[in-house]
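Every number for a ligand or one of its atoms is a count from 1 in the order of the listing. All of these numbers come straight from a predicted model, not from anything done at the bench. Positions are given from 1, in the same order as the sequence printed here.
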Amino acid sequence: MPAPHREVRVLAPAKINLILRVLDRRPDGYHNLWSLMQTVGLEDELRVRIRSGTAGVRLTCSIPDLPSDGRNLVVKAASLLLSHVARAIDVEIELTKRIPLGGGLGGGSSDAAATMIALNRLLDLGWPLGKLADISAGLGSDVPFFFSAPTAIVAGRGGDVTPVSLAGERWIVLIHPGFASDTKQAYQALSARRTGVRPLSPAHERIGPGTGLSWDDVILHMENDFEPALAPAYPIFTELKQALLNAGAEAAMLSGSGATVFGVFRDEPSAREGCRTLGRRPGCFSAAVPSGRRPIELQDV
Ligand code: C5P
């Protein structure tokens, strides 16, 4: 008789950067960041099953262009967590991708965080999310944020995460132009272009966990350092931003280091209408989704 298994289902949300400042270069070669990050209702789905007995991690993925071996962040996250647990566990993960790859939407990072949250439950570890976030930091700069979803300030290399509450709700239109942006090259473009590091503005410095932040405030202070750095090479980003503003967005900006451009809309009907207008562009992926309201959640299967 096969060993009994346990299974959970997790939805891993995409993120957008409402503010992204790239500050000084660190001794480890990475840059210090300061970002206000927010999840949105576009989600990958993971089903995670464990059996005790043999040890191993197996991933099947809904899209063939994503490696399902040790190069995949999901496999790395599961292996990393298991390396902290001295038990022989067989892990099987089914990943259904909906978040576009290379889109600055943190899909792979969210999948990694969701994998660790699932295993924490399945193995009855009871570890606090802060411990999972600390363990996850080596996987990638965006991973620790997802343990503090839906909204947080992310600083340092990505590991200093402070949850904040953002009052109100907005709808977000995501437009991905159909090509992936390379994060490393984006940092290189940014470094090549600038002569110094502009410090955080007083308005950004004032944003903190107790400051009563609202969407109205955030819209006034949205900014992404990658936008001017990438604009000369990718005029499509400026074009999509303008198209979102023309379609009624209150604000529009590049997410992360691209290639997704997002627009902030006041409500669902205006977002859906904006998405319909922009979705006609050939080769583009577009979606109208609500801003995230909850942390990553698990469901027993
Ligand atoms: O952490 P992640 O794998 O997403 O980073 C990809 C690349 O982006 C890094 O190799 C580094 O060149 C650059 N990066 C950086 N500073 C950060 C995050 C990323 O310079 N805080």
Side-chain angles (χ1 to χ4, degrees), residues 12-40 44 59 65-67 69-81 95 97 99-116 132-149 152-162 176 179-200 204 223-230 233-234 237 253-260 262:
K15 62 81 180 165
I16 51 175
N17 301 81
L18 294 169
I19 301 168
L20 177 52
R21 293 294 328 279
V22 180
L23 306 172
D24 52 311
R25 192 187 272 274
R26 303 156 47 102
D28 61 11
Y30 282 72
H31 292 79
N32 281 314
L33 307 173
W34 191 93
S35 183
L36 178 67
M37 289 170 71
Q38 167 71 43
T39 54
V40 295
D44 289 343
L59 172 68
D65 11 349
L66 202 61
D69 56 17
R71 288 169 293 170
N72 192 300
L73 220 45
V74 164
V75 177
K76 286 186 185 167
S79 306
L80 179 63
L81 188 130
L95 172 62
K97 284 300 289 181
I99 304 171
L101 307 182
L105 297 173
S109 301
S110 185
D111 297 342
T115 301
M116 293 177 73
L132 296 176
D134 289 347
I135 293 175
S136 78
L139 293 170
S141 305
D142 285 341
V143 186
F145 158 71
F146 287 97
F147 297 95
S148 292
I153 294 168
V154 174
R157 185 179 150 174
D160 303 340
V161 184
T162 310
H176 183 280
F179 61 86
S181 172
D182 183 284
T183 307
K184 203 171 181 145
Q185 282 175 12
Y187 275 96
Q188 282 163 357
L190 187 143
S191 300
R193 187 176 172 273
R194 68 181 180 184
T195 49
V197 176
R198 191 164 45 86
L200 271 191
H204 289 169
E223 181 180 355
N224 180 346
D225 280 340
F226 284 112
E227 227 179 47
L230 297 177
Y234 299 101
F237 295 157
M253 204 171 73
L254 189 70
S255 183
S257 54
T260 303
F262 68 91

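- The closest protein non-hydrogen atom to atom 6 (C) of ligand 1 is T183 CG2, 3.9 Å.
- What sits closest to atom 3 (O) of ligand 1 on the protein, heavy atoms only, is G140 CA, 4.5 Å.
- A salt bridge links R71 with D69: at least one charged nitrogen is closer than 4.0 Å to a carboxylate oxygen.
- Heavy atoms of G158 come nearer than 4.0 angstrom to ligand 1 in no pair at all.
- Among protein heavy atoms, atom 9 (C) of ligand 1 sits closest to Y30 CE2, 3.8 Å.
- Close contacts between ligand 1 and L33 involve ligand atoms 21 (N) [criterion: under 4.0 Å to a heavy atom].
- The distance from the CG atom of D225 to the OG atom of S257 is 12.0 Å, given to the nearest 0.5 Å.
- The closest side-chain heavy-atom distance from S191 to H31 is below 4.5 Å.
- Only one option out of L59, V74, L95 pairs with L66 in a side-chain contact (heavy atoms from CB on, under 4.5 Å); it is L95.
- For atom 14 (N) of ligand 1, the nearest protein heavy atom lies under 4.0 Å away.
- Relative to atom 4 (O) of ligand 1, the option among A186, G159, S141 with the closest non-hydrogen atom is S141.
- Counting protein heavy atoms only, atom 12 (O) of ligand 1 is closest to K184 CG, 3.6 Å.
- Proximity of a side-chain donor or acceptor of T260 to a complementary backbone N or O of H176 within less than 3.5 Å is not detected.
- Here the side chain of D142 pairs no donor or acceptor atom with the backbone of G106 at under 3.5 angstrom.
- For F226 and F237, the distance between ring centers is not under 6.0 angstrom.
- In terms of protein heavy-atom proximity, atom 19 (C) of ligand 1 is nearest to Y187 CE1, 3.4 Å.
- When hydrogens are left out, the protein atom nearest atom 20 (O) of ligand 1 is H31 ND1, 2.8 Å; that is the closest non-hydrogen contact.
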